[in-house]
K.L.:
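Can you read through this structure? Questions will come right after.
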Protein chains: 8
Amino acid sequence: MDARETLLALQAGQIDLETAVDRLRGYADLGHSRVDLQRADRNGAAEVIYGAGKTARQIIDIAGSLRTNGNAVLATRVDPETARAVCGEFSDAIHHETARLVQIGTANRDKPATRIGVLCAGTSDLPVAEEAALTAEFFGNDVERVRDAGVAGLHRLLGSLEVIRNCRVLVVVAGMEGALPSVVGGLVKAPVIAVPTSVGYGASFGGLAALLGMLNSCASGVSVVNIDNGFGAGFLANRINRL
Amino acid sequence: MDARETLLALQAGQIDLETAVDRLRGYADLGHSRVDLQRADRNGAAEVIYGAGKTARQIIDIAGSLRTNGNAVLATRVDPETARAVCGEFSDAIHHETARLVQIGTANRDKPATRIGVLCAGTSDLPVAEEAALTAEFFGNDVERVRDAGVAGLHRLLGSLEVIRNCRVLVVVAGMEGALPSVVGGLVKAPVIAVPTSVGYGASFGGLAALLGMLNSCASGVSVVNIDNGFGAGFLANRINRL
Amino acid sequence: MDARETLLALQAGQIDLETAVDRLRGYADLGHSRVDLQRADRNGAAEVIYGAGKTARQIIDIAGSLRTNGNAVLATRVDPETARAVCGEFSDAIHHETARLVQIGTANRDKPATRIGVLCAGTSDLPVAEEAALTAEFFGNDVERVRDAGVAGLHRLLGSLEVIRNCRVLVVVAGMEGALPSVVGGLVKAPVIAVPTSVGYGASFGGLAALLGMLNSCASGVSVVNIDNGFGAGFLANRINRL
Amino acid sequence: MDARETLLALQAGQIDLETAVDRLRGYADLGHSRVDLQRADRNGAAEVIYGAGKTARQIIDIAGSLRTNGNAVLATRVDPETARAVCGEFSDAIHHETARLVQIGTANRDKPATRIGVLCAGTSDLPVAEEAALTAEFFGNDVERVRDAGVAGLHRLLGSLEVIRNCRVLVVVAGMEGALPSVVGGLVKAPVIAVPTSVGYGASFGGLAALLGMLNSCASGVSVVNIDNGFGAGFLANRINRL
Amino acid sequence: MDARETLLALQAGQIDLETAVDRLRGYADLGHSRVDLQRADRNGAAEVIYGAGKTARQIIDIAGSLRTNGNAVLATRVDPETARAVCGEFSDAIHHETARLVQIGTANRDKPATRIGVLCAGTSDLPVAEEAALTAEFFGNDVERVRDAGVAGLHRLLGSLEVIRNCRVLVVVAGMEGALPSVVGGLVKAPVIAVPTSVGYGASFGGLAALLGMLNSCASGVSVVNIDNGFGAGFLANRINRL
Amino acid sequence: MDARETLLALQAGQIDLETAVDRLRGYADLGHSRVDLQRADRNGAAEVIYGAGKTARQIIDIAGSLRTNGNAVLATRVDPETARAVCGEFSDAIHHETARLVQIGTANRDKPATRIGVLCAGTSDLPVAEEAALTAEFFGNDVERVRDAGVAGLHRLLGSLEVIRNCRVLVVVAGMEGALPSVVGGLVKAPVIAVPTSVGYGASFGGLAALLGMLNSCASGVSVVNIDNGFGAGFLANRINRL
Amino acid sequence: MDARETLLALQAGQIDLETAVDRLRGYADLGHSRVDLQRADRNGAAEVIYGAGKTARQIIDIAGSLRTNGNAVLATRVDPETARAVCGEFSDAIHHETARLVQIGTANRDKPATRIGVLCAGTSDLPVAEEAALTAEFFGNDVERVRDAGVAGLHRLLGSLEVIRNCRVLVVVAGMEGALPSVVGGLVKAPVIAVPTSVGYGASFGGLAALLGMLNSCASGVSVVNIDNGFGAGFLANRINRL
Amino acid sequence: MDARETLLALQAGQIDLETAVDRLRGYADLGHSRVDLQRADRNGAAEVIYGAGKTARQIIDIAGSLRTNGNAVLATRVDPETARAVCGEFSDAIHHETARLVQIGTANRDKPATRIGVLCAGTSDLPVAEEAALTAEFFGNDVERVRDAGVAGLHRLLGSLEVIRNCRVLVVVAGMEGALPSVVGGLVKAPVIAVPTSVGYGASFGGLAALLGMLNSCASGVSVVNIDNGFGAGFLANRINRL
């Protein structure tokens, strides 16, 4: 949104003075937060709210500011109680409980012709996989989900190989030893975004085992995001799918 | 279970079309899970349900699918509430509370002539040791239990030496410094499967001390599974005992 | 070797008094080392010399004592210079340079009918795999070697599946993310001994990544030995193969 | 390369029987290595040789096999002495000393219209950055290099912002605290592949600090490869650039 | 407070004998605690109570002793219940809930002419930033707060550059990758006190990522305090601001 | 307690057959536990119950067995609910809540003429220090307690120097950086047993900082026990004090 | 150096066109490096060369560029061979071998009236302490050195207390347990910059023990720089001393 | 050495003025080092020189100063070249090469009636064990050495049980899993000083495994010193043996 548009909107009485000032300097200052209003222009997507460590009040304020400035809203890591408070404030808010996401509207964008694949190794990895898939959908992508395709039973993965090979970019979610991205990486031409999860116990050390495994993948074409960071993977998959 | 058997069962009306399809491709797709129906053929034992991070609904679905396809069911890391829900669904389900296992039926197999020994160093290691012993029994083995035989009082261990030496494979469970597998390993000819536990405090770092100790054992013939992984040790012991 | 045999040998002048004393108390005291003369009786295999941190003189002394007492000798982690010194002392010593082993004779035992498989994920893992294979052979086993069968090109592994399935026990050696044992574990009925290697860079942290990966394997029937511990895996494989 | 082509080549006497067999089963077995001959078909790029832990002889054998089967060759982590040996064997081999690469030919592919940007934070990060850039060039891409653009002097980065924004995908290399990918990620729409380096001392712990920093990036659209893994970043950048 | 003053106060009946003894030896012995009565003389500020692991009773006793000896009181890491108990005892106590501080009075000191800046990278870092800011204010400083100025949107930081450059010393609070101190350090002449927070998930490892990032800062003039240690930063900022 | 004594007691009807058997083989087998009845003879002190991970029932059984065999009882790490259950069973049981100890009787031994000093650095370290002091008293020692003598106010420590120098052995308890043992070690001739505590936050990593600090002490004559292991320190102090 | 000055210098023929361009955009682009020419204006001190990982050629180029633009030069972590090469190029270069510094000229600045104290705990910490002291002197400060004042012999520290208390800011260097900053912090009013060193063995883990100790200091007013980062401490001390 | 003695010696011309000053203030200031001249009075033993990181010149200076003031000299961690230099300077210096010690004279003290036992688990642990034993002998103790008594062959340990039980204090040295102190601790009444060594590979992580194992010992009466710190153990053993 460039300066001219902002000034025209002000002149036309569509926005008030405070909003115009915010837009010109590029952020709205809410006291507790500075909402980045240039992020869509700079990064191709508006700010997403990291919900952990924020009060319901703070999330509602930020969401309100994003809405006022014409953006859809996605908040991650929202606990159930906070989600209820946010949904009470915005009638069109949707709470994805498993994925811990709250979404208000969808990013109003054209749908890419190609698809994103989201694979997960085990049923216990579903919350993280759903966070990735829903994030990709929030940004307007079609998503193929392949669930519970861990390497201990390869035919489950190979049974979906055609579906997988038809995706332009793949998000591969796995806990425990995190071997799935290596195996998938050896079978496809698409970029693979590996997401380690904290599923496992003992020497998984909260996902460290899967993280190190993925960073050391012997398959090329694999890169890694933070442990349990389904959002980050879905966001990056959208970015690559739109190239 | 080969294709011919499956087709005959379909023809005979013993299974429905969906089940036949599942068996031919090797897994049942429950949406949230892909139940591996070839695992018994491939690995000598049907899939075991890792209960952590799964809802009661998901566990019940998987258990149902395994049962439908003629398998006994073992679920690990099941919390009490989930266990109650599962037991409410299957009248022959048994909940081993200390070991956090739920079992439906027993793997219908011939009993090996040789025995598996399950030793633990301290009383606090009992839950993990029981997980190992009950798993071995689920797979049809006779198990010798030697409890509280830690190295600080060697005569307690030596007092059971005959029993121990009569086992074909040994599971040795210990927390804290995890020294028991080294001492046992120096006294026997059987393979020793060492299981570190998270028992201890401070610099045990959740079982890391015992894990590293066991990996560095000066006794030969010792291998290690994950921290608190009684199931894995019991499973492997069964596999070795059946050689 | 029981007491009666020792005394008869003394009487017959086959051994000297010192040797008889050593055998009766169960170890030869060399000053720097106490060579365990009961280990074969207790553990089914004589003591193996851990070469690291020992001088050539010490290794030669221990080897001599083992020989005197009728044992074949295996020394691990022997650097080239020390190996030369040891081989200079024993005319029938063999130096396996890649595997860093020195061997004098072979353990005089019957050959099991079944075979041990030693797989490795990459060419760079060969030294550790050879340490395992040569150790298994030292103890009289037939060994199948499958090299460079990493998961990034599954057909290389599947191309040897028959060979692998015919082994009674498998040693699986891998560095980097250490995923191969999980994939192999999902395909076989044999016990899998996983050996993490320090092959890799950066976040492999000297083999930690592979170690954690293997400990967290989603496949059952897998246990783990220390990083780069080919000897330990070969030793255990022999023990299991002889059950 | 499909079966028909292979058979025609055999019939025409262009390849010998051994080569035909290798191609049909998908790999050449060199004893020490199994060269994956289907990788280009499966992954869009032939196998790259990981040089660390391999002898010159092994690298030469693998390179020869790749050449025989019509592939260009890239070997990473080649020390100077080994590089000399390889270059002595192949007259068209090129040794990039700083990047520790040896290259024989270039992957014979069409050049993408878009460019890859390779940024590095400090001069000491150059070897890793060059590994990434030369890898991308080996696969036929045009590369923009922006060097020594660390966050302690932001104008150095901003001075190249137009160049950076014109790239389709960015490789961002940094040691120490590894902050550059976050700052770049906040300024662009392209996917950012972050490469932590082991540059730094003390609490950098061999690149761990940079690695953790990048995994925790507050900017979206960033994913991470292994410490010092310039090759992996360049490979992935090529894959994304060709979408 | 020197000996003469203490003796005069005793003579004048302003303090009792016990208090005089305490002052002369430099601490009050409360049984559970030895309150340091010379700290203000030695360190320029009286003892501050570290609230974690102390009972309400203990905190009240120490606070009482500090008050008796003429000091203002600051207690950190006070949980809500304990805070209520302390505030019930001292009518002028103030509980800063977000910052987990309890304050009784303010250190009665002259106000420095220069200001301390407290910046934080994200809204979730506010509790730690407030702990720093309120501590600095407790010691009589004027504080500039700049909130939510993370590096993913640099203009938010640059928009406050004048304010920042007018501060004599800066406290910079950040979680996740902890990049903000490096960027700020590259823009200013003031000493930067970096405070890593435990905000983040997965590979943040409770603030370790931010801590390592800050210790490895490529910008000079940056030093670091413990994770989440807002108090320590505010205390040090006061000390520097008073030079 | 030697065999003769046991047999005489049996003959005299003072003990039953089961007890006599237990004593002769050296342990009582309670099913869940093997109570070591020779420990006092071997180690100079009867078994102490490690309460963590044990049920109230198990603790009561073990305590009963120890009592039956003439020993006083000490149980560590007992949570309040379990302590209540145990105290309900034994009328002379005492619960030390802060130290989490339950004690039944006192080890019936002569009191050494020399004293044990227990120092702690801060008030928050008191629970661990009390565990050490009460353990030493349980074993019949006189204990000097010096509390809150941390290095940030050296005069508090120096004020008790005479008391400290009169002790024969010192237990020094500290969290955070754990510097107190080094300073004390530089001032005394007695052996110093250092106990790191988990007091602290952030980069204390649950006591790791204090543990490493103490292990690296520049003062000689210092050795270290596990984090928060007040019991271990008190036990060892008793052993040294009785030399 | 502002734009006007640059243009006047160009007009006067004092600098060439290339230099003028460099100054206007704020950095000189040497291909391998971008020398920050605005750093003195922004940060109060010109760029310092981090020598590790740079070739002699690169260091010479950067030094030349800094000189051309009127700056004194300091290069850190320069190995002896590289230092010789640099000194061969610049006749006024000085090599401080112990501190691994090369210095060309001194930053031409007024000398502050107050002094910086540099303390070290042991003789083995001298190289790091000298790096700090020489850096502070390079920036024009008077430095007091107090060496070998570790806490195991407090009187060595107390013997220099007057000297220490007369410094405006203190750099405290220590390895092993790193306790010195806590003790010093408890005795002074000046800010303390703690520098952990890698001196120590075993569980010092390359300085980690000292680093954690210092971060957890119980004394207030202490902040920490990277392990062995004498330069960073000296730089920050200069910045604080000039406030 | 009290002030009166020093003054008398000065008066008698036995020492010069400089030495008198040194003694009165308690340390000799050599510029690079402050030699603690009160340590014997305070700690019962003069300063010992930590040789690592010191030049030969520095060690010679410190040794000279200790000699001048009537002390025997012990220097640890002295590399061969430095040792030669030191021995060249002092004709009565002895170099213990395995233990890396240099000794000049012996601490002139009465010999205790009781003995110190030094046990080691393997031959590779000998250098550390010798450092402990020679240190104890330097301080005038009789030492029993029991070598190569690791837990994999318990009879080797039990064969020396009488010798071990006759020692007043035990130093137990072990690498790998470090289990020996737990087993010894369960057999004796004496205090056990456990010394982890860096012997081992892979997941020994430089002795971390042994260190953690010993800290978590299930046997009471065990405390731990730093990895490979034979000196510290020998020093402490002397202190305890002299109680």
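Labels below follow one simple rule: chain letters A, B, ... track the order of the sequence lines, proteins then strands, and each chain is numbered from 1.
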K.L.:
Do you know which two heavy atoms are closest between B:F231 and C:S220, and how far apart they sit?
P.N.:
CE2-OG, 3.6 Å

K.L.:
Contact part of B:A190 toward chain C, heavy-atom cut-off under 4.5 Å: side chain, backbone, both or neither?
P.N.:
backbone

K.L.:
Counting only non-hydrogen atoms closer than 4.5 Å, does B:L212 touch chain C with its backbone (N, CA, C, O), its side chain (CB onward), both, or neither?
P.N.:
neither

K.L.:
Is B:Y50 close to chain C through its backbone or its side chain, or both, or neither, when contacts mean heavy atoms under 4.5 Å?
P.N.:
neither

K.L.:
Highest number of heavy-atom pairs under 4.5 Å with chain C: which of B:V48, B:V188, B:I240, B:I193?
P.N.:
B:V188

K.L.:
Measure the spacing between CZ of B:R239 and OG of C:S223 and express it to the nearest 0.5 Å.
P.N.:
10.5 Å

K.L.:
What part of C:R165 gets closer than 4.5 Å to chain B, counting heavy atoms only: side chain, backbone, both or neither?
P.N.:
side chain

K.L.:
Among C:V224, C:N241, C:L187, who wins on heavy-atom pairs under 4.5 Å with chain B?
P.N.:
C:V224

K.L.:
Indicate yes or no for a side-chain donor-acceptor contact from C:R42 to the backbone of B:K189 under 3.5 Å, with no hydrogens or angles considered.
P.N.:
no

K.L.:
Is B:L243 close to C:P191 at the side-chain level, that is, under 4.5 Å between some pair of heavy atoms?
P.N.:
yes

K.L.:
Among B:L215, B:L236, B:D36, B:N229, single out the residue with the greatest number of heavy-atom pairs under 4.5 Å to chain C.
P.N.:
B:L215

K.L.:
Indicate the atoms forming the closest heavy-atom contact of C:V222 with B:V225, along with that distance.
P.N.:
O-CG1, 3.9 Å

